[in-house]
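Scroll down for the structure; my scribbles are underneath it.
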Amino acid sequence: MSDRERDWDFYLRTVSNSARDSSFANDPASDPSLLHAVKKLCDFCRQEEKSSEDLVARVYPHINKLFQRSTASLSQPTSPNGILLLVILQFFLDFGEVVLHDADPSLRTFFRSCLSREFADPVVAAATLDFLNVNKNKLLFSFPNLLPQFFPLLLKLIAWNGEKLEKAFLKVFPGLVSPGSFLPLFPSLVDLPILVVALEKVERSSGSLIGSSIASIQKSAAPEMLLALMDEAYTGSTIGDGGGDSESEESSTIDVADPVFLELLKDENDGLAERHWTSPGVAAVLQAATNSPQSDRLKQILNITPRLLDMYFTIALRDANNSLICALIPILMARNSTLFPDKNYMYEVRRRLLEFMLASFQRSPDFIALLKKPIVDRLGEAYDSPEKTELALQLCWAVGEHGGGGGSHKDAARELFESLELLLYENLSSSRLGLRQESINSDSSNFRKSSQSRLLCFVITAIAKLATYHRELLPRARVALGKVARSRISDSRVWRRARDYLGLMDDPAICLSVLGPSRPSHGYPHNPGTVNWNDGGTKMIAHIPFYILGEQEGPPFHDFSFTDILPRRR
């Protein structure tokens, strides 16, 4: 017998002995030689080209039994089983066709029984991402629903282990996006900082996260970890402290907040669920997180999340169909003002949300008409807070830039125009914008006036563009802009802009050139700001707008003649 054959027999005997039912009580992962033996047997099967199928057939029954035994022992592990199970899963993926083994149930068992308990172990987390990257193509082709189903669990890997796994996670991330996970994945990404806060509180309340499944909270009659989490959020003490309010008050508190944290801590994708971030429980946890120093783990996820959103939005614009993107935009609008309270994080995330929303409108202007109701609702919230004001500004720009959805959506354009009118008149009759306050110092007053002027400029531009696109709205636009031009409010930029737009409207051709649709379509052959100078030899082109929007007074200061501009006849 050769040395190779002796090694094969030795390793096969090691695995066979460990897989016997008589030793079921022992944890397989506690034997360090077992992992080495399984790895060597897999190497033998890969290296032997001629007798590979025979070797696989001999070793498969023992490895399969070992897998079943290892997963059964996870309820009371003495050491992490994840590395051993990943090696066995690699064997199933490599040789499953030879022994007719469907790896899908085994993979799901690993996620549900092992990774849900060991995601906090940095070694297991890193090995899992390496396994997913090595087998990425095979998993996406043979098991396309696997990663999208378990994306909440995989997000825990990056949330808990941070930047050291970011590079590997970014390679896996595209596999998490599918039609079934596209919508629920977005709020889970945005709420990664809140997930970190929740996990850290669970750890402080119940000890290490390694070896205990958080998902079991959902099935527990008395979820002690969650009770401790919420009690700390409300009273600043743990359950054992005996602090807090009466029993009835505690019960009502838990009833309100339980679904929110169970939704955060889930392991599997069960669809898009409404997250009540205005609930007292969430407010208390966010307040506590704001008032306490940020952990290193939280600081890392606040930096990682914007980069994950970049990849998510890139995939969305490249692969997602219009139905999914159209359904996502109202969620973006709702979450724009509901983010983890960190100044830099809110800025980075909001910037990406608005950029993606505008890019979506640019790609499919019809979205503006289809999403008329949520757009009108957001315009009505422009007074509520600075972030809602900024969202309203961007929506005003999009409505005007894309003609309210296009020439075929006249009813939607009219309703959007009416909302802009209302917003304009409310601003003209009020000197306040933003959060209503009883007493305001000079700095906040200046900021408020600046925000109001900016909003008015956006609104009157949108009104002028809509009326240029939909000619039936011109009379109403003239009335609205006339009121602004005559108002002579303190900021001259506003009423001068309204006056300039009124002047443009006296020359429809020039107005269409300057304020018309952004893309040459629906019978309009030019982009805004352009004039078809080739027609100058046969048609009169008057009132050339070289200075009309430049806030200049008097005649233009140019010394060239029209012959320098218009093409000459030959």
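Note that the coordinates shown come from a computational prediction; the quantities given were computed from them, not determined experimentally.
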Steps toward side-chain contact (heavy atoms from CB on, under 4.5 Å) verdict (Phe173, Leu154):
CA-CA 9 Å; Phe173 184 79; Leu154 293 173; over 6 Å; no
Stepwise salt bridge (Lys or Arg N to Asp or Glu O under 4.0 Å) test for Arg350 and Glu390
CA-CA 10 Å; Arg350 285 189 183 123; Glu390 185 63 30; over 6 Å; no
side-chain contact (heavy atoms from CB on, under 4.5 Å) between Phe186 and Val190: does it pass, once the steps are laid out?
CA-CA 6 Å; Phe186 169 71; Val190 173; 3.5 Å; yes
Decide yes or no on side-chain contact (heavy atoms from CB on, under 4.5 Å) for Leu420 and Ile460, but give the supporting numbers first.
CA-CA 8 Å; Leu420 292 171; Ile460 62 177; over 6 Å; no
Between Arg476 and Glu418, is a salt bridge (Lys or Arg N to Asp or Glu O under 4.0 Å) present by the stated rule, with each step listed?
CA-CA 9 Å; Arg476 295 175 64 174; Glu418 291 172 352; 3.6 Å; yes
Please determine whether salt bridge (Lys or Arg N to Asp or Glu O under 4.0 Å) holds for the pair Arg496 and Asp500, giving the CA-CA distance in whole Å, both sets of side-chain angles, and the decisive distance to 0.1 Å.
CA-CA 6 Å; Arg496 284 185 176 181; Asp500 289 341; over 6 Å; no
Take Thr128 and Phe119 through the test side-chain contact (heavy atoms from CB on, under 4.5 Å) and record every step on the way to the result.
CA-CA 9 Å; Thr128 300; Phe119 71 88; over 6 Å; no
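Inter-residue side-chain proximity for Lys201 and Val197 is flagged as met; some heavy-atom pair is nearer than 4.5 Å. Side-chain contact between Met505 and Leu481 is present, with heavy atoms from C-beta onward closer than 4.5 Å. Side-chain contact check for Asp191 versus Leu339: every heavy-atom pair is 4.5 Å or farther apart. Between Lys156 and Leu115, every side-chain heavy-atom pair lies at or beyond the 4.5 Å cut-off. Side-chain atoms of Arg297 and Leu199, non-hydrogen and from C-beta on, never get closer than 4.5 Å to each other. Using a 4.5 Å heavy-atom threshold, the side chains of Tyr383 and Glu426 count as touching. With a 4.5 Å cut-off on side-chain heavy atoms, Glu268 and Leu153 do not count as touching. Looking only at side-chain heavy atoms (C-beta outward), Ile304 and Leu192 stay at 4.5 Å or farther from each other.
Residue pairs meeting the ring-ring contact (aromatic ring centres under 6.0 Å, His included) criterion with at least one member in residues 136-161, sequence neighbours excluded, are Phe111-Phe150. Applying the ring-ring contact (aromatic ring centres under 6.0 Å, His included) test to pairs two or more places apart or on separate chains, those with a residue in residues 300-347 are Phe182-Tyr312, Phe313-Phe356.
More than 12 heavy atoms of other residues, nucleotides or ligands sit less than 6.0 Å from atom NZ of Lys138.
When each of Glu381, Arg378, Met346, Glu387 is paired with Ser337, the side-chain contact (heavy atoms from CB on, under 4.5 Å) condition holds for Glu387 and for no other. When each of Leu391, Val399, Leu370 is tested with Ile375 by the rule side-chain contact (heavy atoms from CB on, under 4.5 Å), just one qualifies, namely Val399.
Side-chain atoms of Glu166 and Asn303 form no donor-acceptor pair, as typed in the model, at a separation below 3.5 Å.
Heavy-atom minimum distance, Gln300 versus Gly162: OE1-CA, 3.3 Å. The heavy-atom pair separating Ala398 from Phe361 by the smallest distance is CB-CD1, 3.6 Å. Closest approach of Ala413 to Leu473, counting heavy atoms only: O-CD1, 4.4 Å. The nearest pair of heavy atoms linking Ile315 to Pro174 is CD1-CA, 3.7 Å. Between Leu466 and Gly404, the shortest heavy-atom distance links the atoms CD2-N, 3.5 Å. Counting all heavy atoms, side chain and backbone alike, Pro193 lies closest to Leu302 at CG-CD2, 3.6 Å.
Ion pairing of Arg112 with Asp267 is absent here, as no side-chain N (NZ or NE/NH1/NH2) approaches a carboxylate O to less than 4.0 Å.
To the nearest 0.5 Å, the span separating CD on Glu415 from NZ on Lys372 amounts to 3.5 Å. Taken to the nearest 0.5 Å, the NE2 atom of His402 stands 8.5 Å off from the NZ atom of Lys465. Rounding to the nearest 0.5 angstrom, the gap separating the CG atom in Leu456 from the CG atom in Leu393 is 10.0 Å. With rounding to the nearest 0.5 Å, the separation of CD in Glu421 from CZ in Arg414 is 11.0 Å. Of the inter-residue distances, the one linking Leu424 atom CG with Ile463 atom CD1 reads 4.5 Å to the nearest 0.5 angstrom. A distance of 8.5 Å separates CG of Leu185 from CG of Asn269, quoted to the nearest 0.5 Å.
The closest donor-acceptor contact from the side chain of Asn336 to the backbone of Leu332 lies at 3.5 Å or more, if one exists at all.
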